[in-house]
Amino acid sequence: MKSNTAPRYTARSGWNALLPERDPRQDFPHGRRYSAIVVGAGYTGLGAARRLAELMPESEILVIEATEIGEGSSARNSGFVTVTPAKPQANAHGSADDDAERKIRISIAGLDWLRTLVRDHEIDCDWDEKAPRIDAAVTNAGERRVHALRNLYERWSIRCLEHTFEGLTEFLGTNYYRCGFEPLTRALVQPAALIRGLADHLPSNVTILERTTVETVGGKGPFQVHTNRGEFVADKVFIANNAHARSLGFLADKLIMVYTYAALSPELDDNDLNRLGSLPAWGVVPVFSMGTTMRKVQRRFLIRSCASYEKEHDTEKIRSHLTRLFRNRFPRMKSHQLEYVWGGATAFTSNGQFYFGQLRPGLYASLGCAGGGLSRGSMHGKLLAEMACGSQSSLLTDRLMLASPNWIPPEPFRGIGAIAKMTWEGWVAGREH
Ligand SMILES: Cc1cc2nc3c(=O)[nH]c(=O)nc-3n(C[C@H](O)[C@H](O)[C@H](O)COP(=O)(O)OP(=O)(O)OC[C@H]3O[C@@H](n4cnc5c(N)ncnc54)[C@H](O)[C@@H]3O)c2cc1C
């Protein structure tokens, strides 16, 4: 069960690099005994810690983070807070529509919760619910997908706005996309600023310990949580470190790690900005899983694309790939330089479903977050804390009704299968990539 695997990235998160320096909280606490320990300070872990602190105000909670706040995947993403459901599927309790509606309710509650926290704590993270976030198509197959998705979203009561080729060309400043639609419940954020703000405004009975890696979790409750810097004891432990949970011995047969990559351009000059469409901020997401995401963020561009199985790719290779994709979409720009390029780890399961629940008495986990982690991860963390404290709610019932991840065979079959799937999906995406 001993782990050697702490997340290590070759490049800083560009979002975090745009923010002022901060001192990670790494003073080793005197107290070694906690009511609850949370492993991982991403959206899931902080969601769990906040809710535990609210439900157990007399108890002390410790959050242990291997990197620093602002350098994990929660600050390496594209900053879309979405409510659209990942991989709806029929389960033992209902149809695929029922599954989708439960997932949407959870994500909307996550978005509402984040909005409230941002407002109440005045978190300066460019929270924006006005900027459009468009599912856009480039190819014939993409256009068919746009129509199919839009019909599904309307069936699930997600209000959407349609965008024609002319409209997209006018406000994005490129004729690359032929049509799209915009789900109207969403937000765009600066994700490093959001996760920092959430960590800085936790209830006072939560302690965060950064640059400290949990290496083993032993015992049957109380649990011994052994880190590279010393040991703690806790009555309850919450595993919220996504695919890295495998290195602690959890769900190794259900999770795979996939890296995806993002980059920010330098600030564009007025000439380049004027060539771009009429809107100050927007986001475009692909309708194929191996497609490319773009955002206009004040004077910069964000581009996210590419994926790799288990290992991070070389940053310079990714830079040249992302530069080509950026140039394809915006050929009239004077420069396609990228200032920050970085990768981030996500967790995939074979059927796209999360693990959520109790691994054994007192040991809880929410794992398997590929995308949508800002809203869904936050809410899963919150619901996990509620479950552990014996609370009941309709949202917790929704979450407990969802399917679990399937078994994945060991290497070499899992690697062969995952790479073949990614290659096939890349081929299907074609120019959407
Ligand atoms: C480039 C990119 C773009 C994305 N775009 C979006 C988007 O626009 N919208 C969206 O919702 N999602 C997006 N995602 C996915 C999103 O980032 C994840 O869903 C989200 O980060 C999952 O949150 P989490 O808290 O479950 O896990 P994480 O954010 O991965 O948090 C887990 C934390 O655990 C820490 N950790 C790991 N192992 C240990 C250990 N042994 N001990 C202590 N700490 C440990 C890690 O350092 C990490 O900080 C994107 C991801 C990437 C990489």
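Counting convention: from 1, in listed order, for ligands and their atoms alike.
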Any idea which part of Thr212 is under 4.0 Å from ligand 1, heavy-atom wise: side chain, backbone, both or neither?
backbone
Hey, can you tell me if His321 and His433 have their rings parallel, tilted or perpendicular (30° and 60° cut-offs)?
tilted
Check each atom of ligand 1 against the heavy atoms of Tyr43 and keep those under 4.0 Å away; list them by number with element.
25 (O)
Ligand-side contact atoms (ligand 1) for residue partner Thr260, heavy atom cut-off under 4.0 Å
1 (C), 2 (C), 52 (C), 53 (C)
Are the aromatic ring centres of Tyr153 and Phe181 under 6.0 angstrom apart?
yes
With heavy atoms under 4.0 Å as the rule, classify the contact between Ala240 and ligand 1 as side chain, backbone, both or neither.
backbone
Please work out which of the three classes, parallel, tilted or perpendicular, describes the rings of His163 and Phe171, given edges at 30° and 60°.
perpendicular
Ion pair check, Arg196 and Asp200, cut-off under 4.0 Å
no
State the atoms of ligand 1, each with its element, that fall below the 4.0 Å cut-off from a heavy-atom position in Gly372.
10 (C), 11 (O), 12 (N)
Which of the numbered atoms in ligand 1 are under 4.0 angstrom from any heavy atom belonging to Ser74?
21 (O), 23 (O), 25 (O), 28 (P), 29 (O)
Under 4.0 Å, heavy-atom basis, I'd like to know which part of Ala370 is in contact with ligand 1: side chain, backbone, both or neither.
backbone
Do the rings of Phe330 and Phe301 sit parallel, tilted or perpendicular, given the 30° and 60° boundaries?
tilted
Short version for Glu65: what comes under 4.0 Å of ligand 1, heavy atoms counted, is both
Considering the heavy atoms of Ile64, write down every atom of ligand 1 situated less than 4.0 Å from one of them.
43 (C), 44 (N)
Can you tell me if Arg229 and Thr212 form a side-chain donor-acceptor pair at under 3.5 Å?
yes
Heavy-atom contacts with Gly72 under 4.0 Å: which atoms of ligand 1 show up? List them by number with element.
49 (O)
For the ring pair His313 and Tyr259, is the centre-to-centre distance below 6.0 Å?
no
